[in-house]
2 protein chains.
Amino acid sequence: MSEEEKGGTAWRSLGEFIRAQRELANLSMRQLAEIAKISNPYLSQVERGLYKPSADVLKSIANALQISAETMYAQAGLLDDSKGEAGSHHGVEHAIKIDPQLTVDQKEALIRIYRSFTSKG
Amino acid sequence: MSEEEKGGTAWRSLGEFIRAQRELANLSMRQLAEIAKISNPYLSQVERGLYKPSADVLKSIANALQISAETMYAQAGLLDDSKGEAGSHHGVEHAIKIDPQLTVDQKEALIRIYRSFTSKG
DNA sequence: GCTGTGCGCTAAGTATACCAAGCACCTGCT
DNA sequence: AGCAGGTGCTTGGTATACTTAGCGCACAGC
């Protein structure tokens, strides 16, 4: 049933998260695999959840995708959830609010768009 | 670069760190292995640096020793670099990327808008 | 048409993380 | 002298992370 029906991609697995991040970065599997120094078939299998990569592969992939290793581990469920950086859904709004580069108008616009995306489709 | 220069107590290896923590907690190998749900021979091998444990074993050991998983990963050298966004202005972009409620398309849209705001100031 | 190059995926193999059983040693008890 | 119960370590096997070779498909140029 519907993976997308909640209006968002709630990552069922680490693999889906990685795939989404890879596509966000506009990288092909071979490109990402090359940067992360792993083989492309293995990346394929990881993204489909067939294997759970070891920590240093995870770190390598995180680096290649320019996201922090901590975020990666959090997604992999390998950090104790005491951190609470990814889970809270005011994360985006909060980040917008405290961004010193944005004007108040811009913040309001971004938050409005963000809410339109998340407020049920 | 050696780990020594990171200041403070420098453990030559993850195994030595684990062993020291275990002894500090006055636990035998079998006791710790039991709590961490791993076998005691394996723990022995890990402490002597013969094998590098996977992330979830690491987490389990950290849990059993009542130290944070992050400390463990840092000791394992799995967190140290990855400065992908730590110091840069990616706070908002990062929050967007890891938000599970957004679809990939929505993320792209938001990030594009955000960049358009921040690129010209 | 055919050829070359990109994509993601499959198949089969190698490397290694991890476990169950057991060994050698020590210490206390009878 | 035994044996019971503790320690850490070795051995041999199984499960799984990871690689190399190659498949099938789509889209370019000759």
Nearest whole Å is fine: how far is C:dG8 C1' from A:I18 CD1?
16 Å
Closest non-hydrogen atom pair, A:Q21 against B:K97
NE2-O, 2.9 Å
To check you understand the geometry: which heavy-atom pair defines the closest contact between B:A95 and A:V92, and what is its length?
O-CG2, 3.2 Å
I need a per-nucleotide contact map over nucleotides 17-22 of chain D, read 5' to 3'. Cutoff is protein heavy atoms under 4.0 Å; write B for the base, S for backbone only, - otherwise.
SBBBB-
Rounded to whole Å, the CZ-P distance (B:R48 to D:dG8) equals 12 Å
Any salt bridge linking A:E16 with A:R48? Criterion: basic side-chain nitrogen under 4.0 Å from a carboxylate oxygen.
no
Sub-4.5 Å side-chain heavy-atom contact between A:S68 and A:Y73
no
What is the distance, to the nearest angstrom, from the CE atom on A:M29 to the P atom on D:dC23?
20 Å
Determine: side-chain N/O of A:S44 to OP1/OP2 of C:dG8, distance under 4.0 Å, yes or no.
no
Just the rounded figure in Å: distance from P of C:dA17 to CD of B:E47.
16 Å
With a 4.0 Å limit, can you tell me whether A:R22 has a side-chain N or O closer than that to the phosphate oxygens OP1/OP2 of C:dC7?
no
Scanning both residues in full, the closest heavy-atom pair of B:K107 with B:L102 reads CE-O, 3.4 Å
For A:R19 against A:S44, the heavy-atom pair lying closest together
NH2-O, 4.4 Å
Atom CG of A:L27 and atom P of C:dG6: how far apart are they, to the nearest Å?
15 Å
